[in-house]
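Computed from a predicted model, the values in this text were never measured in an experiment. Counting starts at 1 for both ligands and their atoms, in listed order. In this chain, residues are counted from 1 in sequence order.
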Amino acid sequence: MTEKPVAIACDHAGYALKEELKKYFERIGVAYTDYGTDGVCSVDYPEYAHRLCTALQQEKHELGVLVCGTGIGMCMAANKHRGIRAAVCSDTFSARMTRMHNNANVLCLGARVVGVGLAEDLVGVFLGTAFEGGRHQRRVEMLNNLDENGKSEER
Ligand code: RB5
């Protein structure tokens, strides 16, 4: 579980689920920061992904949750940011494994794909699972190198 507040953001399609997840955070005693959007008026998901990812890059948060209709657009936008490793998950196995093996720091959810109960489970598993390190550390460093110079490793 992260020491810092969890960041959460959404577009209009993800707004209702984001509000449910905020109630979930309150029930389980997890602090969060909401980066919008604040209603169901149509907005552009890259803007909200950028707000949340910038806050992670500034080390205000260790982990974030992005919600849009499918989770896919948010994930694409988030992964354009240096140091962000975002994964769309709709099963708890993937949510666990992406923390353990990929050290994912952003969970993307599709509000039109998963229900509230499953979304809560996905978030709970994501927040409650630690990175395994070991051989996976080298692979995450290779991802970081791709961020820096478009090469998976220096040779
Ligand atoms: C909005 O209609 C929808 O395109 C968006 O929420 C998301 O699913 C994009 O990937």
Notebook entry, point to check: CE/M74 to CG/L66 distance, rounded to the nearest 0.5 angstrom?
Noted result: 5.0 Å
Side chains of residues 105-125: which donor-acceptor pairs under 3.5 Å do they make with residues two or more places apart or in other chains?
from	atom 1	to	atom 2	distance (Å)
N105	OD1	R85	N	2.7
N105	ND2	G83	O	2.9
E120	OE1	R27	NH2	3.3
E120	OE2	R27	NH2	3.0

Check: Between E141 and R138, is there a salt bridge with N-O shorter than 4.0 Å?
Finding: no
Note to self: I'd like to know if K23 pairs up with E26 as an ion pair, taking the criterion as any Lys NZ or Arg NE/NH1/NH2 lying under 4.0 Å from an Asp or Glu carboxylate oxygen.
What the structure shows: no
Checklist line | Stacked cation flag R51 on Y35, 6.0 angstrom / 45 deg | finding: no
Note to self: Check this for me: K80, atom NZ, are more than 12 non-hydrogen atoms of other residues, nucleotides or ligands nearer than 6.0 Å?
What the structure shows: no
For ligand 1, list every N/O pair with the protein closer than 3.5 Å, one pair per line with the distance.
from	atom 1	to	atom 2	distance (Å)
ligand 1	2 (O)	R112	NH1	3.4
ligand 1	6 (O)	D11	OD2	2.6
ligand 1	6 (O)	G69	N	2.8
ligand 1	8 (O)	G69	N	3.2
ligand 1	8 (O)	T70	N	2.9
ligand 1	8 (O)	T70	OG1	3.3
ligand 1	10 (O)	T70	OG1	3.3
ligand 1	10 (O)	G73	N	2.9

